[in-house]
Amino acid sequence: MEAFLDGWGLTLMVFLPLAGALLMMLIPRSHEETLKVYALVFSVAAAVMGILVMIWFDYGQAGELQFVVDRSWIDAINSRYIVGMDGISLPLVALTLLIVPLCVIYSWNHFPDPKNPKAFLILILILETGMVGTFVAQDLILFFVFFEVVLLPMYFMIGVWGGEERLYASIKFFLYTLFGSALMIISFVAVFFLAQDPSSGDALRTFDMRTLSSIGQAGMLGTAGLWIFAGMFVGFGIKVPMFPFHTWLPDAHTQAPTVGSVILAAILLKLGTYGFVRIALPILPEASEDWAPWIGLLAVIGIIYGAICCLAQTDMKRLIAFSSVAHMGFVMLGIATLTDFGINAAIFGMVAHGLITGMLFFLAGSVKERYHTMEIKRLGGILLQAPRLGWILGFTAMASLGLPGLAGFWGEFPAILSSWNPAAILPLETFRTYTIVAAVGTVLAAGYLLWLYQRTSFGRPTEEFATEQFRDVEAPEWVAWVPMLLLILALGVYPNLVFGVTDDAVTQIAAAFGG
Amino acid sequence: MTVLSVLAQLSGPPFESLPIDWHALAPEVVLLSVAVLITLVDSIGLERARPLMPGLAGLGLLGALIPVITLAVEGSDRVLFGGAYVVDDLSLLLKAVFLLSGYVIVLLSTNYIAEGDYWEGEYYNLLLFSLLGMVVMASARDLITIFVALELLSIPAYMLAAWRKGDRRSNEAGMKYLLMGVFASAVMLYGMSLVYGVTGTTLLEPIGLIFAEVGTASVITLGVIFVIIGFSFKVSAVPFHTWAPDTYEGAPTPVAAFLAVASKIAGFVALISLIYFGFLGQSDLIEPLLFILATLSMFVGNLIALRQTNIIRMLAYSGVAQAGFMLAPFAVAASDPETSLKAVVTYLVIYAAMNLGAFAVVIALARKTRSGEISSFGGAFQYAPALTVAMSVFLFSLAGIPPLGGWFAKFSVFAAVVNAGTTAGYVMAVIVAVNSVIALYYYAQVAKTMWMDPVPDGDMTPVGVPPSLGWAIVLTAALTLLFGVLPGLLGDVTDSFDLGHLELLAFPG
């Protein structure tokens, strides 16, 4: 079994969904039930592979890449098919493999207009391949390809199944991301040509992330490294999204169908932060040190700005979207500290945000399905009309504002704490200022989430809906939500589930900064 | 006493015909024979022979591919006619691209030409002659051979552009193309004569060595500029692109595909030969000149493409922009000759597959919509999902989105300009990046119309795709995906190019 997993585990995990998508293309559109079953089977099969890999994963060696496969791919540019998993990839892979089947289940009976489950499910499966692939790729070009594979399905998902303004939102999402990735690929190519072997001074000419991280920075001193980092910064920063590159996000989130928003919030945004942790920091440590204060600055601006925007929103989904800007600000702040503590917090923050905000978007979708509106002022008294839905919304909102005992706390609190003591080379006063600003951000977060909850769930239903009967949480919703709710609780009570896995790998990255 | 022997006596030693390597010339010979055969069959069989024509032409093109393959397998470089004609891995790859593109064009033409009641025998005959010119171009390493190849490929194309002779726009297309084309030829020929005047030879290799040594001189500058301008018309680079949209729109759509792909690639092949085998030593002139051409082509092509409502005109302007992307590596031709040459070739190969595919889908959809307006394709996803998915593959490949072939083409360009390490190279990388984003917008708009808009007249009858057209779409889509997922296949071929001479030309002494 172990030999099989060593050779094929990750590859199967990545490509099973794609195989499913190809198979589904051959099935006529009218066989809806068959198509749904296939989509579920293949996404669950990928998850099973993932579980097997996680069972056989050596947690004592979580800092090392495991299940590594290294095969030739594009010889002409010395780019290879290298996949591997370590403690940083594992939680994110697990998150992806969990969310996608849940999305398929949630969609079961409520596909957004214009229906067409076949195309919708095929897009979800292609997305899954892209996302899982990004988290396990260990070659810059392979990473880039997977990173981009998610673009098209998401574009179509927003554009075809989205809301009123879907066309504008989808093209905006696409153009922003493509611009970032164009700069990113230039940076990767520059790394390829400029990276030198520290001992011999020879050009390395490799895209292998393992080699590039291990030599870290060698030969790319001075301004070249700074510029290369800038390219990656824009590429990853747009995806995160960091202030001021965030403007695509509220539109995309608001217009996307529920499942699209969930995948976008829960996983796609993490591709950007993961890129920082996996690529930008280890490969360009010196440039990272120079950029870190600026990343921190943009992060705290994002925290405050996102929170203030949330307070001003009248649309529930848009509010949740802006809360993503704020939450990802905490993640970026953790990364900017360049410390073991901060980066661990950041990865925890990614997982927590994925579960919590994913859950919030599910809830928003279900509210929309019942009330046919997201206008906060038209909603009210959800707790009376659909009490279970209301309670779950309350639970998730608490988790999102960082209530201790739930997952959100362990994403935010350590990130804030870590910025009090950033890596020794970073300016202490600056980061301590960030600490204070970020702490204010948590107060604002409590403000907008509680206010949202109060306005939508408490009180009496508005006149408009006063006489209507609403279905409470239904079976597919329970199946999709219970695992996420349990995980939010479990991670909140026992955060070591994630910290224990990530710490070894993170320590290695932080070691470059003396942390 | 025969004329020959008189001549022989006058010029000294007796005349001996050059030894000819027939294996090396086999692709050209096969192509020529099939073209002649088509004329014969057409004139003997008349109406009865009409249905045979596309099949004959298609088989002829595949037949010509066989010697290309045997030559590639055999692997040794063959130099003919005193260096004027070279058959090596580079030229074989390009020949294969021309022959396969020609094959796809024949597939696209089959129903279009038969159902449109056009002349068939002549159509395929001219098509094959034009392709013959391109195949010759791939091997030409001599100014005169290049010129002959250019005329051989152009003159049939002028006629093909005007093939719908009852239609005024088609006449306009052919006329415009002819006038622009001969003007460009004249300018180019003048440039060639200047180059010959300075160097005393028409062979590119000695020209290259002389250019590398003598440095700049105003006559050389003028000659080189004229030659490059001449081919800029052919590849429709800004500011010499004005014929392209009108010609593409007026010409029969398969011919537009032919001009946009095969003919444009032929122009690039000539540029490759001239620059990388001849003019490389004049780097102070070549690099800025092509930098400007590339930048203008990208920006102008892309910005005008944004405003197009007709799919053919959109593809024409996008073709101008694509020419800009292909010209970009030339801007670092002398700084990094090897990588930039490979980047151009890589781009050409992938461009052929994806752009032909896009035209194929347009032809298929136009069978139902009877219109080239982008809006007429609205909601195609609902009645022709397979065509819509195929079109999306081609469009997003043109935009350079992984894992579709176009990404590797763009990547090669990035790699080439960045690897050069010059300021111009880095600036070019950013320009290419910005233009990739602009281009995505109009490609995505077409995809948007097809996926997301309502069907304009509510007519949901499925599109009947004839088998030849369907096969063309499958073939091009498969190649587009293959180049995207396993670009190594193409990389291995370009890696085998023997480019030892480049160092000599680019960095003399």
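All chains are named by letter (A, B, ...) in the order of the sequence lines, taking the proteins before the strands, and each is independently numbered beginning at 1.
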For B:N419, is it the side chain, the backbone, both, or neither that has a heavy atom closer than 4.5 Å to a heavy atom of chain A? both
In terms of heavy-atom pairs under 4.5 Å with chain A, the winner among B:V437, B:V418, B:L440 is B:L440
Please identify, among A:W73, A:F179, A:W161, the residue contributing the most non-hydrogen atom pairs under 4.5 Å to chain B. A:W73
Look at B:Q445, B:K448, B:Q382 and state which one has the largest set of heavy-atom pairs under 4.5 Å with chain A. B:K448
Most heavy-atom pairs under 4.5 Å with chain A, out of B:A386, B:P403, B:S412, B:S392, belong to B:P403
How are the rings of A:F188 and A:F236 set relative to one another: parallel (under 30°), tilted (30 to 60°) or perpendicular (over 60°)? tilted
Quick check on the 6.0 Å ring-centre criterion: do B:F396 and A:F174 meet it? yes
Within the structure provided, determine whether B:F411 and A:V145 are in side-chain contact (heavy-atom separation under 4.5 Å). no
Contact class of B:L489 relative to chain A, heavy atoms under 4.5 angstrom: neither
Would you compute the distance between atom CG of A:D139 and atom CE of A:M209 and round it to the nearest 0.5 angstrom? 8.0 Å
A:R80 versus chain B, heavy atoms under 4.5 Å apart: side chain, backbone, both or neither? neither
If one checks every heavy atom of B:F381 against chain A at 4.5 Å, the contacting part turns out to be both
Donor-acceptor pair, B:S335 side chain versus B:A420 backbone, under 3.5 Å? no
Within the 6.0 Å centroid threshold, strictly below: A:Y274 and A:F135: yes
When the 4.5 angstrom heavy-atom criterion is applied to A:I185 and chain B, the contacting part is side chain
Most heavy-atom pairs under 4.5 Å with chain A, out of B:A433, B:A415, B:G491, B:A447, belong to B:A415
Give the member of B:G484, B:A429, B:P385, B:P487 that has the highest number of heavy-atom pairs under 4.5 Å with chain A. B:P487
Are the aromatic rings of B:F330 and B:Y276 close, with centres under 6.0 Å apart? yes
Which atoms of A:F147 are under 4.5 Å from chain B, going by heavy atoms: the side chain, the backbone, both sets, or neither? neither
Are more than 12 heavy atoms, taken from residues, nucleotides or ligands other than B:Y441, located less than 6.0 Å from that residue's OH atom? no
Step through the shown structure and confirm whether more than 12 heavy atoms of other residues, nucleotides or ligands are within 6.0 Å of CZ on A:F192. yes
With only heavy atoms counted, which part of A:L167 is less than 4.5 Å from chain B, the side chain, the backbone, both or neither? side chain
Tell me, side chain or backbone of B:V485 under 4.5 Å from chain A's heavy atoms, or both, or neither? backbone
